[in-house]
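On a predicted model such as this, the values are computed, not experimentally measured, just so you know. Side chains are part of it too, since the values below use all heavy atoms of this structure and drop only hydrogens, waters and symmetry mates. In what follows, chains carry the letters A, B, and so on, assigned in the order in which the sequence lines appear, proteins first and then strands, with residues in each chain numbered from 1.
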Amino acid sequence: MKEIIQQEYGYLFEDALLNEIVKVGSLKKAKKGDQLMEIGGVITAMPLLLDGAIKILREDSRGDELLLYFIEKGDSCAMTFSCCMGTNKSEIRAIAEIDTSLVMIPAQYMKSWMTTYESWQQFILQSYHTRVMELIETVDTLAFLKMDERIFKHLQDKVKVNQNEIIEVTHQDIAYDLHTSRVVVSRLLKKLENEEKIELHRNWIKVLEL
DNA sequence: ACATTAAGTGATT
DNA sequence: AATCACTTAATGT
């Protein structure tokens, strides 16, 4: 276990901290589609991504979803961090985008590591920063891009986190993530196909233009 | 061959 | 861009 953590986080953390992580953290594997966190759920641990990707969703009162951003390997969800300091509940839902492995660090260690390890403090701050930037980008996308552009961007994001230009999704899946209807997705995807930016198939899409 | 589910389409708001 | 109502196509049993 130490080797894997060392590989992904060795350049960030000193040896003593790596040892602590190995000692108190628990290795966890999530399969594609597994739910890692639910809205309103109590957060007891902070995840450090070793491999894979997680998508973070918000939900409205009717149960409709909206994708906020992806977390990739080497990242952490710093939102968890603020929740860990108090005893807050989760504002978001987290679902494994692909098969993912991560280390769960119990919340109680967060605070003391902040003062003991400078690299930890750096990491949290940095992580928080990138998270906020991702959120801003999502807001921009929502506010300034038309639906067809949003769909195409979403596909490109999927290609990135999956490390594969072939994405296994249905039009309905995309509709849920972007909070629109399947019919609209189908029509706009068709348009993108005509522009030769993508290739459409049942249950999978190939992105040609990256 | 049949049922199920995904995707395509025209019309309307 | 959303919704309805319907058609067509792909896929599993």
Notebook entry, point to check: Would you call A/K146-A/D148 a salt bridge at under 4.0 Å N-O?
Noted result: no
Next item on the list: May I ask you to decide whether A/E65 forms a salt bridge with A/K55, counting only side-chain N to carboxylate O separations under 4.0 Å?
Entry: no
What's the closest nucleotide to the [X] side chain, out of [options]?
{"X": "A/L188", "options": "B/dG10, C/dA1, B/dG8", "value": "C/dA1"}
{"X": "A/R202", "options": "B/dT9, C/dT3, B/dT5", "value": "B/dT5"}
{"X": "A/T180", "options": "C/dA2, B/dA6, B/dT9", "value": "C/dA2"}
{"X": "A/L200", "options": "C/dA1, B/dG8, B/dT9", "value": "B/dG8"}
{"X": "A/R182", "options": "C/dA1, B/dG8, B/dA6", "value": "B/dG8"}

Distance in angstrom units between [X] [atom1] and [N] [atom2], rounded:
{"X": "A/Q172", "N": "C/dT3", "atom1": "CD", "atom2": "P", "value": "11 Å"}
{"X": "A/E193", "N": "B/dA7", "atom1": "CD", "atom2": "P", "value": "12 Å"}
{"X": "A/H171", "N": "C/dA9", "atom1": "NE2", "atom2": "C1'", "value": "12 Å"}
{"X": "A/H201", "N": "C/dT8", "atom1": "NE2", "atom2": "C1'", "value": "18 Å"}
{"X": "A/L189", "N": "C/dA9", "atom1": "CG", "atom2": "P", "value": "19 Å"}
{"X": "A/H179", "N": "C/dA1", "atom1": "NE2", "atom2": "P", "value": "15 Å"}
{"X": "A/R62", "N": "C/dA2", "atom1": "CZ", "atom2": "C1'", "value": "12 Å"}
{"X": "A/R187", "N": "C/dA2", "atom1": "CZ", "atom2": "P", "value": "12 Å"}

Check: Just to confirm, is there a sub-4.0 Å distance from OP1 or OP2 of C/dA1 to any side-chain nitrogen or oxygen of A/S181?
Finding: no
Check: Could you walk me through whether A/K153 and A/R150 pass the side-chain contact (heavy atoms from CB on, under 4.5 Å) check?
Finding: CA-CA 5 Å; A/K153 185 175 187 304; A/R150 285 182 60 200; 5.8 Å; no
Item checked: Given DNA chain C, 5'-ward residue of the pair A/V183 and A/W204, judged by closest heavy atom -> A/V183
Notebook entry, point to check: What are the two closest heavy atoms between A/V161 and A/E97, and how far apart are they?
Noted result: CG2-CG, 3.9 Å
Next item on the list: Please confirm whether A/F13 and A/Y117 have ring centers closer than 6.0 angstrom.
Entry: no
